[in-house]
Structures are given as structure tokens and as C-alpha cells.
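Data block below; observations after.
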Protein chains: 2
Amino acid sequence: MLSPELAEARVLDAAEALFYDRGIQLVGMDEIRSTSGVSLKRLYQLYPSKGDLVEAYLRRRDEAWRRRLAEYADARPSPRESLLAVFDWLHDWFDEPDFRGCAFINSFGELGATSPEVAAIARAHKDAFRRYLADLVAAAGEPAWVADHVALLAEGAITTAAISGSPQPARQAKDAVRIILESTGGPRPA
Amino acid sequence: MLSPELAEARVLDAAEALFYDRGIQLVGMDEIRSTSGVSLKRLYQLYPSKGDLVEAYLRRRDEAWRRRLAEYADARPSPRESLLAVFDWLHDWFDEPDFRGCAFINSFGELGATSPEVAAIARAHKDAFRRYLADLVAAAGEPAWVADHVALLAEGAITTAAISGSPQPARQAKDAVRIILESTGGPRPA
DNA sequence: ACCATAGGAGAACGATGGTTCTCGATATGC
DNA sequence: GCATATCGAGAACCATCGTTCTCCTATGGT
């Protein structure tokens with residue numbers, strides 16, 4: 001028997017791979033079981049319903065996604081360069097072979113109208129991303145509205161990359177961010 | 001008995017209202033029947049499978065959406081104002097009570113991984129939208145890459161408005177477009 | 001060694017949904 | 001007026017899926 005922690009990790013790994021790749025409604029609990037190797041009984045002990053598993057999947061992905069982004073961007077020497085590095089990170093992400101767009105936009109489109117929980121998690125994810133960008137913008141000494149523009153460009157790049165299948169939108173968005181940043185005439189001292 | 005044309009229109013009206021509002025997989029053929037008032041037999045004569053109906057729904061919506069947008073934006077006195085008016089039109093759309101984001105992004109997230117037809121229609125819709133913007137950009141005498149930036153901002157505004165429930169992203173995107181346009185130093189003569 | 005408990009495999013159950021079929025009514029052509 | 005084709009209403013059929021149950025095995029404490 002697997003330890004509870006390992007079983008939970010395997011279930012979430014399977015859920016993430018399958019839900020993200022094919023959509024939530026097209027993946028049955030039986031496939032989560034066969035992919036994770038965790039029996040249905042244990043699966044339902046960990047998550048009393050498929051909806052609970054979906055929420056756990058989205059929450060874990062939210063944290064991991066934002067942590068990976070921050071690890072990459074925060075390594076830059078200045079907030080301005082971190083802001084631009086966000087789009088390099090997006091480019092790398094778009095280039096991953098299993099990239100299928102934003103898990104939160106996808107699940108919102110699939111279930112947002114009928115599942116308030118999924119809708120709330122998607123909103124929270126986007127808010128957190130936007131806050132992260134806003135912190136970088138503030139640290140760079142740029143006006144707050146710049147964060148809105150950067151967020152829209154990132155959002156647009158993600159969905160365009162998903163549908164077109166090309167990572168190119170990341171570069172275009174980065175160019176647009178540079179123009180926005182130049183328009184403010186550089187950082188304003190605090 | 002309804003005329004074939006009227007039956008088809010009622011079916012597509014029902015399909016559009018239901019599919020867009022709740023997602024494709026959560027709407028059954030029986031609900032299309034009761035909403036449209038067209039019997040199952042006739043429904044399956046018009047569309048041999050649910051997939052065919054989904055494709056017809058998406059194609060009709062693509063054309064209507066782009067026609068409505070063009071009618072609004074093309075009424076402006078100059079290409080530059082048409083370009084900016086796109087975002088006024090988006091704002092009005094976001095404010096409609098039944099706005100639920102982009103039908104093509106939603107259906108792509110729901111079925112794009114398993115339905116090549118749905119994926120192709122979503123791609124074609126985004127390409128056509130991008131071409132429309134590119135024509136306006138060219139007519140305005142702006143460099144071609146401006147169209148990429150404008151498209152990313154529009155895309156980002158649509159998904160952000162859908163998830164946040166606010167029409168505000170349309171105004172932010174419009175402001176960003178103005179900055180992009182100013183950065184080129186105005187139209188370049190042909 | 002024995003028993004109680006937990007675990008796994010898979011059947012079973014109930015609901016839903018896509019698609020087809022039955023059947024009675026209605027309209028159409030001669 | 002009648003035969004024939006068509007249509008609508010809804011049952012029926014079959015597959016899928018979320019969830020629970022059965023039954024058998026193995027294990028761990030005493």
C-alpha cells in the first residue's frame with residue numbers, strides 16, 4: 001500500500017496531466033485511477049467527489065505555476081527586467097510540447113457557468129497573477145496602470161499561443177510591454 | 001410543420017443560446033429540442049450528429065460576431081478611429097448581461113484537444129479577427145506589427161472581462177492601443 | 001496462529017445523454 | 001376517399017460515468 005502522501009501526490013499528478021490535456025469533463029475517475037495506480041476506494045477517501053479533486057488540481061496548479069514564474073522572473077537584477085522576463089518565461093512555457101493554454105481559462109470556459117467554485121478559483125488565479133505584476137510595476141517605479149496593460153498583454157499572449165500553437169505571441173507581447181514602459185519616460189522616483 | 005429554413009434558424013438560435021451560456025458538453029440534444037421546438041427527428045435530419053450542430057453554431061456565430069464588429073467600427077471616419085472603436089464595441093459586448101467570454105476560446109478549451117474541427121474553427125475565427133485588425137492598421141498607415149499588439153490586447157481584454165465580470169479591460173486595452181499608436185509617431189505615408 | 005481491519009479489483013447501481021425506433025396522427029397526390 | 005409518405009412525441013437503446021458495494025486478500029497486533 002502507498003503512503004497517503006504518495007497516493008495523494010500520484011492522484012494529483014494524474015489529475016493534472018489528464019485534466020489539463022483533455023479537459024475536465026472528458027476525463028473519468030476510472031482513468032484517474034488507472035493512471036495514478038490508486039484504487040477508487042482510496043481516491044474517494046482522499047476526495048469525496050470529482051469536484052473536490054478538480055478543485056485540488058486547480059489549487060495546486062495555481063501555486064506551482066506562480067511559484068515557477070516568480071522563481072524565474074525574480075532572478076533578474078531589476079524589477080523592470082523581471083517584468084520583461086515574465087514574457088521570456090511565457091515563451092518557454094508556450095514551447096513545451098504539452099502546452100494547451102491556461103488551465104484556468106480552460107476550466108472556466110468549461111465549467112465556470114455551472115461551478116461557482118471553479119469560477120472563483122480561476123478569478124483568484126488571475127487576481128494573484130495580476131497582483132504579482134502590479135508589485136513588479138510598483139517596484140520598477142512605474143505608474144500602476146502599467147500593470148493592467150502588461151496583464152492584458154500576458155493574457156492575450158497565452159490564449160493566442162494556445163489557439164495558434166505558436167510561442168510567437170510571447171515575443172510580440174514583450175515588444176508591446178517595452179513600448180508601454182518607454183511611454184512613461186522611465187521610472188518615477190518614490 | 002415549420003419550414004426547413006425556420007426550423008434551422010430556431011435550432012441554431014437555441015444551440016447558440018444554450019451552448020454559449022452553459023458550455024457545449026453540459027447541454028443535451030433534448031434541451032435543444034425543447035428550446036427550439038423542433039423535434040428530434042427533424043433535428044437529426046438537419047444535423048446528423050451533435051458535432052455537426054456544434055460546428056454550425058460556431059460558424060454562424062463567427063460570421064455574425066465579425067459582421068457586427070465591422071458594422072460598428074467601419075462607421076468611424078478614419079481607420080485609426082475604427083481601430084479604437086473596436087474597443088468601444090468590446091466594452092458594449094462585455095456589458096451585455098449574457099456575456100460569458102469568447103465562444104471560440106471557451107469551446108477550444110472544452111473540446112479543442114479532442115475535436116480537430118472545433119480547434120480549426122477557433123483558429124479560423126481568431127485569424128479572421130486578426131486579419132480585420134491588420135487591414136485597419138494598414139489603412140491607418142501604421143506598421144504591420146501594430147496589428148499583433150492590438151490583437152493581443154483585444155484577446156486579453158476578452159478573457160479578462162469574462163473571468164473578472166467587469167467591462168473595464170476594454171478601456172484599459174484601448175488606452176494601451178493609444179500608447180502603441182503614439183509610439184509610431186503617427187501614420188507613415190504610403 | 002487468529003482475528004479485525006484496511007485495501008484492492010472490479011462489479012454494480014443510477015443517472016445522463018446521444019441516437020434510433022415505434023406509433024399514431026396528419027398532410028399530399030391521385 | 002384512399003394510399004402513401006412524412007412528421008411529432010416520446011419511449012427505447014446503448015454507452016459512459018460518478019459513486020458505492022462486494023468479496024477476497026493481506027497484514028499487523030496480541
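Reminder, nothing fancy here: chain letters follow the sequence lines and each chain counts from 1.
Taking atom CZ on A:Arg33 and atom C1' on C:dG10, their separation rounds to 7 Å, with Å as the unit. Atom CZ in B:Phe19 sits roughly 12 Å away from atom C1' in C:dG18 (whole-Å rounding).
Qualifying ring pair (Phe, Tyr, Trp, His ring centres under 6.0 Å) partners for B:Phe108, counting only residues two or more places apart in sequence or in other chains: none. Partners of A:Phe87 according to the ring pair (Phe, Tyr, Trp, His ring centres under 6.0 Å) rule, which considers only residues two or more places apart in sequence or in another chain, do not exist here. With sequence neighbours excluded, the residues that form a ring pair (Phe, Tyr, Trp, His ring centres under 6.0 Å) with B:His149 are B:Trp145. Listed by chain and number, the residues in a side-chain contact (heavy atoms from CB on, under 4.5 Å) with A:Ala64 are A:Arg67 (sequence neighbours excluded).
Nearest heavy-atom pair, B:Ser49 versus B:Tyr44, reported as atom, atom and distance to 0.1 Å: CA-CE2, 4.2 Å.
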- Reading nucleotides 15-21 of chain D from the 5' end, what letters show protein touch, with B for base, S for backbone sugar-phosphate only, - for no heavy atom under 4.0 Å? ---SBB-

Using a cut-off of under 3.5 Å, enumerate the N/O to N/O pairs linking the protein to nucleotides 24-28 of chain D.
none

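Within the 4.0 angstrom heavy-atom criterion, only backbone atoms of the sugar-phosphate kind lie near B:Gln45; the bases stay farther away.
Applying the ring-ring contact (aromatic ring centres under 6.0 Å, His included) test to pairs two or more places apart or on separate chains, those with a residue in residues 10-33 of chain A are A:Phe19-A:Tyr57. The salt bridge (Lys or Arg N to Asp or Glu O under 4.0 Å) analysis of residues 108-126 of chain B, with sequence neighbours excluded, yields the pairs B:Lys126-B:Glu155.
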I'd like a table of donor-acceptor pairs (distance under 3.5 Å, sequence neighbours excluded) in which one partner is a side-chain atom from residues 156-163 of chain A, with atom names and distances.
| from | atom 1 | to | atom 2 | distance (Å) |
| --- | --- | --- | --- | --- |
| A:Thr159 | OG1 | A:Gly156 | O | 3.4 |
| A:Thr160 | OG1 | A:Gly156 | O | 2.8 |

